[in-house]
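Here is the naming used below: chain letters follow the sequence lines, and residue numbers restart at 1 for every chain.
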Number of protein chains: 2
Amino acid sequence: MSLPTPGKPVRGSKSGNHLMALFDLLGRSWSMGIIWRLQEGSCTFRVLQERCESISPTTLNRRLKELTQSFLIERTVDGYALTNKGKEIFLLLKPLESWAKDWAKNFDTNE
Amino acid sequence: MSLPTPGKPVRGSKSGNHLMALFDLLGRSWSMGIIWRLQEGSCTFRVLQERCESISPTTLNRRLKELTQSFLIERTVDGYALTNKGKEIFLLLKPLESWAKDWAKNFDTNE
DNA sequence: TTTATTTGCTACATAATTGGTAGCAAAGCT
DNA sequence: AGCTTTGCTACCAATTATGTAGCAAATAAA
């Protein structure tokens, strides 16, 4: 899968609309989950894999590469870590947590 | 693809963590793009398809069903529309727009 | 300094998702 | 009645994701 880069055609926009490039990046399996889990603290590949509960190493590796190339993640002495940009995105995603909690009430747990 | 429902195991959480269910839902191709485009106003299937520039009817239909079942979208006399929950999500996604604009500066347009 | 362990992946095969094109049935004009 | 538009579905090809195994390099232990 090619990296969705602002300025280049992406899923959602032939003109490379910035926001659509971001949606393409974040809208890949596990992207947001990885950012969320990394916020808990920098960690190694294997630890991150455990935090994500059920991600395959193949997918984790792909996402890590993409997110790194997109300046959201970097490697430090502590392993993988969110960059400042990554932390910013996390802050933007954060409100989704409480919203999701409320949203969940709509679902009948017996279905 | 089954609907990622809070409380049931989803991509990202065997326990059905609400947030992970939301990430699973939004993290499917076009989910966020559709919400974004629908915010411009209620519209018909074909118009929505045009707004999305390059979505296939297959995928559009699939996403519409999922988002409808997830209470984010509904059908009105004007066609497809965001529900109140859908509008709420849109407001949470909105800040990503300006962030993406800034983020785009990191990418060398000549690459 | 051998001998484990742990870590960060890659290989490979299979399954699941997405995309693209064609086209059809129903509804709405004319 | 015929023509158009709309909202899809069928079908197949292409792309992504999953799962398991395992290997090379780095680190720790003996």
Spacing between [X] atom [atom1] and [N] atom [atom2], to the nearest angstrom:
X	N	atom1	atom2	result
A:Glu50	C:dT7	CD	P	8 Å
A:Leu60	C:dC9	CG	P	9 Å
B:Tyr80	D:dG7	OH	P	7 Å
B:Ile55	C:dT18	CD1	P	10 Å
B:Phe45	D:dT9	CZ	C1'	10 Å
B:Gln49	C:dA22	CD	P	14 Å
B:Glu66	C:dA16	CD	C1'	13 Å
B:Leu64	D:dT9	CG	C1'	14 Å

Taking the minimum atom-to-atom distance to the side chain of [X], which one of [options] wins?
X	options	answer
A:Arg75	D:dA17, C:dG8, D:dT9	C:dG8
B:Arg62	C:dT18, D:dT6, C:dT10	C:dT18
B:Asn61	C:dT7, D:dG7, D:dT9	D:dT9

Ignoring backbone atoms, establish whether [X] has a side-chain N or O less than 4.0 Å from OP1 or OP2 of [N].
X	N	value
A:Trp30	D:dT16	no
B:Lys65	D:dT9	yes
B:Ser56	C:dG20	no

Next item on the list: Starting at OG1 of B:Thr44, measure out to CG of B:Asp78 and round the result to the nearest 0.5 Å.
Entry: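 Rounded to the nearest 0.5 Å, the OG1-CG separation comes out at 10.5 Å.
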
Note to self: Nearest 0.5 Å, please: how far is OG in B:Ser54 from CD in B:Gln49?
What the structure shows: 10.0 Å

Check: Would you call the rings of B:Trp36 and B:Phe90 parallel, tilted or perpendicular, where under 30° means parallel and over 60° means perpendicular?
Finding: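 Tilted, since the angle between the ring planes falls between 30° and 60°.
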
Note to self: Taking the nucleotide of DNA chain C with the nearest heavy atom to each, does B:Arg46 or B:Thr59 sit closer to the 5' end?
What the structure shows: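 Closest to the 5' end, via its nearest nucleotide, is B:Thr59.
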
Notebook entry, point to check: Reckon B:Thr44 touches a base, only the sugar-phosphate, or nothing at all at heavy-atom distances under 4.0 Å?
Noted result: sugar-phosphate

Next item on the list: Tell me what A:Thr58 touches on the nucleic acid: a base, only sugar-phosphate, or nothing, going by heavy atoms under 4.0 Å.
Entry: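 Result for A:Thr58 = base.
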
Check: Do A:Thr59 and A:Arg28 have side-chain atoms, one donor and one acceptor, less than 3.5 Å apart?
Finding: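 The criterion, which ignores hydrogens and geometry beyond distance, is not satisfied for A:Arg28 and A:Thr59.
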
Next item on the list: Taking only Lys NZ, Arg NE, NH1 and NH2, and the carboxylate oxygens of Asp or Glu, determine whether A:Arg37 and A:Glu40 approach each other closer than 4.0 Å.
Entry: yes

Margin query: By nearest heavy atom, map A:Ser29 and A:Pro57 onto DNA chain D; which one lands nearer the 5' end?
Written below: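 Result of the comparison: A:Ser29.
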
